[in-house]
Trainee: 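I am attaching a structure below and will ask some questions about it afterwards.
Any value given below was found using the heavy atoms of this structure, including those in side chains, with hydrogens, waters and symmetry copies removed. The residues of the chain are indexed from 1 along the displayed sequence.
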Amino acid sequence: MGCASSHLLEDDDEYGQITGPGGFSHHIVSLTSTTYGILTTLDYPRPQTISILPTPLPEPRPREPPEVINSWELMAGLDTNENSFRFSPATKSSLHTVAELNTRISKPLKPINRNNVLQPLNPNIPLLAKFSLDGYEMRCPPGGEKAIVIYTTSLRGIRKTFEDCNSVRSALEGLGVKFIERDISMHSGFKEELKELMNGKGDTRVPRVFVKGRYIGGVDEVMQIFEEGDFGTLVEGLPKGKVGAVCEGCGGVRFLPCFDCNGSCKVVKEDRKVVRCFVCNENGLVLCPLCS
């Protein structure tokens, strides 16, 4: 873009003649084609106003009457043969009159065969139990002639052994019968006692159950009898135990600290010599005098 007037009017007098006494009032500019194209782009179009009119709703169509289907006309051509797999109406041969029904009802019933009917049990005949104490070996622990004696352990060194002892103990408690528990981990004398009962074979695996001086077996044999529901016949005549009863002396532990050495396994004589206590066991415990 170039200014044509600045090149053509070079004298001061000529400026005055064009502009007059007040100075330049107009300025003449020569526009090229490139500059004119740029200026035309600055002329933004004015926004047009668009009016949106609501579209009228279509007129509702008239409802057509519902179609009526006559099911009898559709079933008119079906096969009514008796041997057909389709549904067929009842024929006269399949209908019975009231007289025929009364005749059938009036017929006498067949006699009942009394031999096939279960007879009530005779109370004079004793029931035969699958398990009897006569079939078990006689191995009577001390004080177990008329009692249940079980050998267990309270140590959790072997998890399965500890759980087996709990299973047998819980089963006997649920049966509601009184039993004597002897913990071989609390008293070594019980362990030696169990060895003698097992014919000195050294098999001291617990639990071991003895009923009325008879050796019943371990956890497998005892739990099998419980599952078949015949353990109650083995303990008939034995005293019942109180559910939830706990000894007031030992709290159910069956042992108490020694009263002479207070559980230290050592006593001091008059000459101030320290000797081994002969009253308690190797753990400084004695049997509870109330529940043992």
Trainee: For atom CD1 of I158, decide whether the heavy atoms of other residues, nucleotides or ligands shown that lie under 6.0 angstrom number more than 12.
Mentor: no
Trainee: Could you work out, with side chain to side chain contact (heavy atoms under 4.5 Å, CB included) as the rule, every residue matching K269, not counting sequence neighbours?
Mentor: D271, V275
Trainee: P207 and side-chain contact (heavy atoms from CB on, under 4.5 Å): which partner among I150, D164, T153?
Mentor: D164
Trainee: Between the side chain of N281 and the main-chain N/O of M186, is any donor-acceptor distance below 3.5 Å?
Mentor: yes
Trainee: Which class fits the ring pair F190 and Y151: parallel under 30°, tilted 30 to 60°, perpendicular over 60°?
Mentor: perpendicular
Trainee: For a quick test of reading the model, state the closest non-hydrogen atom pair linking C280 to V286 and the distance between them.
Mentor: CA-CG1, 3.8 Å
Trainee: State which residues pass side chain to side chain contact (heavy atoms under 4.5 Å, CB included) with K146; sequence neighbours excluded, sorted by chain then number.
Mentor: none
Trainee: Does the structure place the NZ or CZ of R139 under 6.0 Å from the centre of the six-membered ring of Y215, at an angle of no more than 45° from the ring's axis?
Mentor: yes
Trainee: Quick check: are there more than 12 heavy atoms from other residues, nucleotides or ligands sitting under 6.0 Å from CZ of R156?
Mentor: no
Trainee: Under a 4.0 Å N-O cut-off, is there an ion pair linking E163 with R159?
Mentor: yes
Trainee: Tell me if a side-chain donor or acceptor on E192 pairs with a main-chain N or O of G189 at a distance below 3.5 Å.
Mentor: no
Trainee: Looking only at non-hydrogen atoms, find the nearest pair between A147 and L238 and report the distance.
Mentor: N-CD2, 4.1 Å
